[in-house]
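In what follows, a structure is listed as structure tokens, so that the remarks can point back to it.
Just so it is clear, the values below take in all heavy atoms, side chains as well, and ignore hydrogens, waters and symmetry mates. The chains referred to below are lettered A, B, ... by the order of the sequence lines, with proteins before strands, and numbering in each begins at 1.
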Amino acid sequence: MRDDPKDISHFYLGVKDLFEFPRDPKEAIELQKKICGFVITEDYCNIEKIRLIGGIDVAYKGRGAKEGCAVALIWDRLTGETVEAVYVEESINFPYIPGLLSFRELPIAIKAFDKLSLKADLWMIDGAGIAHPRRLGIAAHFGVVLDLPAIGVAKSRLIGSHLPVPRTKGSWVPLRQNGEVIGHVLRTRSDVRPLYVSPGHKVSLLQSANLVLACCSRYRLPEPTRLAHQLVTAKVRSN
DNA sequence: GCGACAG
DNA sequence: ATCTTGTCGC
């Protein structure tokens, strides 16, 4: 159990609400409504100073298996090297329900996060940030709960609509819902399906896209997420 | 009622 | 996410 509330969200919600993961979908939705009000979509640090970026990915053993595996790692943006990586396993009970992904993967993601000894300046999470029905995708939930800057990097769309994205790397178009911009559809590689990037917490819409693009070299996914995915996949299929 | 639907 | 081989292209 945690006992180190540091900001407004922790002060008003308390560790009980923040680290609670209901089994009941109805309760999960109510909790999202309660937490979403604390998401911050403004930059909380100089982009220039962001050097260590964290990445987390979850994998499952078998088809309907309940065993989940997760890798959390910290990638150095300047050297392009992974400075630390940890692996954890845990049974996963909550089912996959569009809109409630965090209640399935956040528990094990936090378990992996806690195992790290180093601290990242920012986190990139597979899935949506505020580009979510209640503006609390897994990346936003992660950010508020841990009080850390986070960005949602989804490989496909959950909600929102957008115009076609130019086919060249670096191009992007806003992702919107009812006129409100909730993220960006970013082309991280020419002629390759774009990514759906949205702020998770303490990062703006513009910087979210800029940072993800800054972490992409020759692959579709940004390095932190790509490397984490590569590691869990290797781990899960070897055991 | 009928589709859509992160991982 | 997961079940799966080869294959087309830069």
Side chain of Ala128(A) - closest among dG7(B), dA4(B), dA6(B): dA6(B)

Lys169(A) NZ: over 12 foreign heavy atoms closer than 6.0 Å: yes

Sugar-phosphate, base or nothing in reach of Leu100(A), heavy atoms under 4.0 Å: base

Integer-rounded Å distance: dG7(B) P and Tyr196(A) OH: 11 Å

Lys61(A) side-chain N/O to dA1(C) phosphate OP1/OP2 under 4.0 Å: no

His229(A) side-chain N/O to dA1(C) phosphate OP1/OP2 under 4.0 Å: yes

Interatomic distance, His162(A) NE2 vs dA6(B) C1' [rounded to whole Å]: 14 Å

Between C1' of dA6(B) and CZ of Arg193(A), the distance in whole Å: 12 Å

Selection from dC5(B), dA6(B), dA1(C) that lies nearest to any side-chain heavy atom of Ser156(A): dA6(B)

For atom CZ of Arg237(A) and atom C1' of dC3(C), their distance in whole Å: 12 Å

Any Lys155(A) side-chain nitrogen or oxygen under 4.0 Å from OP1 or OP2 of dA6(B): no

Rounded distance [0.5 Å steps], CD1 in Ile53(A) versus CG in Leu227(A): 11.5 Å

Touch class at under 4.0 angstrom, heavy-atom based, for Ile159(A) against every strand present: nothing

Option from Lys26(A), Lys34(A), Lys33(A) for which salt bridge (Lys or Arg N to Asp or Glu O under 4.0 Å) with Glu30(A) holds: Lys33(A)

Arg157(A) side-chain N/O to dA4(B) phosphate OP1/OP2 under 4.0 Å: no

Centroid under 5.5 Å and tilt under 30°, Tyr96(A) to dG7(B): yes

Sugar-phosphate only, base, or nothing, as touched by Ala139(A) at under 4.0 Å among non-hydrogen atoms: nothing

Salt-bridge criterion met for Arg51(A) and Asp76(A) (N-O under 4.0 Å): yes

Rounded interatomic separation in angstrom, taking CD from Gln230(A) and C1' from dA1(C): 18 Å

Check ion pair Glu90(A)-Lys66(A) (N to O, under 4.0 angstrom): no

Atom-to-atom span, CD1 of Ile151(A) to C1' of dA6(B) - whole angstrom: 16 Å

Sugar-phosphate only, base, or nothing, as touched by Gly152(A) at under 4.0 Å among non-hydrogen atoms: nothing

